[in-house]
Amino acid sequence: MRFAAIADIHGNHLALEAVLADIAAQGITDIVNLGDCFSGPLTAGRTAELLRAQDMPTVRGNHDRYLIEQPRDAMHASDAAAFDQLTVDDLQWLRSLPTREVYRDEVYLCHATPADDSTYWLESVSTEGDVFLKPLAEIEALAKGADLPLILCGHSHLPRVVRLSDNRLIVNPGSVGCPAYDDDVPRYHKVETGHPLASYCILEKGQAGWLPAFRTVAYDHMAMSRLAKENARLDWAGALATGWMP
C-alpha cells in the first residue's frame, strides 16, 4: 500500500503542478489532500481547475471554511484574493468536503486536529512566539478518536512525523505552496521552513508498518513571488522567494 499526501496548497498552481508531476514520476496514482487549497494572493482559480480534475480524497481546512462561511468584506486579504477567483462550482466543491475522513480503512485524515481545524496538533507557540514540538502527552491528548495506525494532518506547513506511545504514527507532509507565514493565533509567531521548495510526503506500508518519505520539489517559485509582489503582498513575495518571512 503506497500513496502520496499533500496539504496547504494555498492557491499556488505552479507548486501543485510540480508536485503532481513528481508524484506521477514515482509511479504513484493515489493521493490524499489535507486541505487549505486556495487561500492566498496567487492563482486560486487555476489551482481549483487542477485540483478538482484530480480524483483524490480531500478534507476541508480552516481557510477553505473561511471561504464558504465568511462574507467577502469580512475576509482576510488572502482569503478575499482567492474568493475573487473562485467560481460558484469551486465554492460548492469546498462545501461538499468533509472535515475528517478515513482512507482505506486505516488512515485518518484531517486538516489540523480531529476536533479543530485551526489548532496546531504537533506544534506549540511559546509566549515569545517560538514554534516548537509539543510534548508527547499533549499530542496524544489531541489524538483521541483517531484510532487508526496512520494519522495525517497539515495546517502548520512543517513536515513532521511523531510516533505515539501506542505506535500510531502522525505525519504532516508539509506545504505544497506556502513555505513560510506569520499568524497572531494563539499569539504572534512565524512559521518558516527555510527553503522555497514545494513539500509533500509518500506513505508506504511495509512489514515494519507505515514509513513516511518526505519529498521536496523545485518549481518556478520566483514567478509566484513576483505575482505576490504585483498583488501588493510583500510578505508572501518574501516567503515564496526564500522560505523565510521578511
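Between atom CG of residue Leu42 and atom CD of residue Gln85 there is a gap of 8.5 Å, rounded to the nearest 0.5 Å. Taking NE2 from His76 and NE2 from His63, the interatomic distance works out to 7.5 Å, rounded to the nearest 0.5 Å. Atom-to-atom distance recorded for Met224:CE and Arg226:CZ is 9.0 Å, nearest 0.5 angstrom. Distance check, rounded to the nearest 0.5 Å: CG of Leu86 to CH2 of Trp93 gives 10.0 Å. Atom OG of Ser78 sits about 12.5 Å away from atom OH of Tyr181, to the nearest 0.5 Å. Rounded to the nearest 0.5 Å, atoms CG (Leu34) and OG (Ser175) are 11.0 Å apart.
For the pair Glu123 and His157, the minimum side-chain heavy-atom distance is 4.5 Å or more. A heavy-atom distance below 4.5 Å is found between the side chains of Tyr188 and Lys190. In this structure, Val107 and Trp210 have side chains that are in contact, with non-hydrogen atoms separated by less than 4.5 Å. Val171 has its side chain within reach of Phe214: a pair of non-hydrogen atoms, C-beta onward, lies under 4.5 Å apart. Within the 4.5 Å cutoff, no side-chain heavy atoms of Ser39 are placed close to those of Tyr66. Two residues are said to be in side-chain contact when any heavy atoms from C-beta on lie closer than 4.5 Å; Thr193 and Ser199 fail this criterion. At least one side-chain heavy atom of Pro186 sits less than 4.5 Å from a side-chain heavy atom of Val125. Within the 4.5 Å cutoff, side-chain heavy atoms of Val131 are placed close to those of Leu158.
A continuous path of ILVMFWY side-chain contacts below 4.5 Å connects Leu150 to Val59, so both sit in one hydrophobic cluster. Linking Ile, Leu, Val, Met, Phe, Trp and Tyr residues whenever their side-chain heavy atoms come within less than 4.5 Å leaves Val191 and Leu122 in two separate clusters. No chain of hydrophobic side-chain contacts below 4.5 Å, direct or via other Ile, Leu, Val, Met, Phe, Trp or Tyr residues, connects Leu109 to Ile170. Under the 4.5 Å side-chain contact rule for hydrophobic residues, Val32 and Leu203 share a cluster. With hydrophobic clusters built from ILVMFWY side chains whose heavy atoms lie under 4.5 angstrom apart, Leu91 shares a cluster with Ile9.
At distances below 3.5 Å, not a single donor-acceptor pair connects side-chain atoms of Glu204 with backbone N or O atoms of Leu211. With hydrogens and angles disregarded, no donor-acceptor distance shorter than 3.5 Å links the side chain of Asn172 to the backbone of Pro159. Trp244 places no side-chain N or O within 3.5 Å of a backbone atom of Gly238 that could act as its donor or acceptor partner. With hydrogens and angles disregarded, no donor-acceptor distance shorter than 3.5 Å links the side chain of Asp22 to the backbone of Val19. The main-chain N or O of Gly11 is found under 3.5 Å from a side-chain atom of Thr43 such that the two form a donor-acceptor pair. For His10 (side chain) and Phe38 (main-chain N/O), no donor-acceptor pair under 3.5 Å exists by modelled atom type.
Nearest heavy atoms, Ile151 versus Leu148: CG1-O, 4.0 Å. In plain terms, the two heavy atoms of Ala146 and Arg168 that are nearest each other are O-NH1, 2.8 Å. Smallest separation of non-hydrogen atoms from Ala5 and Leu152: CB-CD1, 3.8 Å. Residues Ala7 and Gly154 share a closest heavy-atom pair of CB-CA, 4.3 Å. Nearest heavy-atom pair across Ala239 and Pro246 is N-CD, 4.2 Å. Residue Tyr200 comes nearest to Val217 through the heavy atom pair CE2-CG2, 3.8 Å, listed as atom of the first residue, atom of the second, then distance.
Checked for salt-bridge contact, Arg60 and Asp117 miss the test: no charged N lies under 4.0 Å from a carboxylate O.
Checking Asp116, Thr119, Asn62 one by one against His111, the side chain to side chain donor-acceptor pair (under 3.5 Å) holds for a single residue, Asn62.
For Lys134, the NZ atom is densely surrounded, since the number of other residues' heavy atoms within 6.0 Å is greater than 12. Other residues, nucleotides and ligands contribute over 12 non-hydrogen atoms within 6.0 Å of the CG atom of Asp147.
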Worksheet item: Are Asn12 and Leu240 close enough, and set up right, to give a side-chain contact (heavy atoms from CB on, under 4.5 Å), and what steps lead you there?
Response: CA-CA 10 Å; Asn12 187 335; Leu240 289 162; 3.7 Å; yes

Discussion item. Walk me through whether Arg65 and Thr99 qualify under side-chain hydrogen bond (donor to acceptor under 3.5 Å, both in side chains).
Written reply: CA-CA 9 Å; Arg65 176 169 57 83; Thr99 56; over 6 Å; no

Worksheet item: side-chain contact (heavy atoms from CB on, under 4.5 Å) between Gln54 and Asn33: does it pass, once the steps are laid out?
Response: CA-CA 10 Å; Gln54 305 292 317; Asn33 174 19; over 6 Å; no

Worksheet item: Going through the distances and angles, do Leu234 and Lys229 end up as a side-chain contact (heavy atoms from CB on, under 4.5 Å)?
Response: CA-CA 5 Å; Leu234 297 183; Lys229 185 176 181 180; 3.8 Å; yes

Worksheet entry | Candidate pair Asp8 and Cys178, rule side-chain contact (heavy atoms from CB on, under 4.5 Å), full reasoning | CA-CA 7 Å; Asp8 296 286; Cys178 181; 5.9 Å; no

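Taking the six-membered ring for Trp and the full ring otherwise, Tyr120 and His155 have centroids separated by under 6.0 Å.
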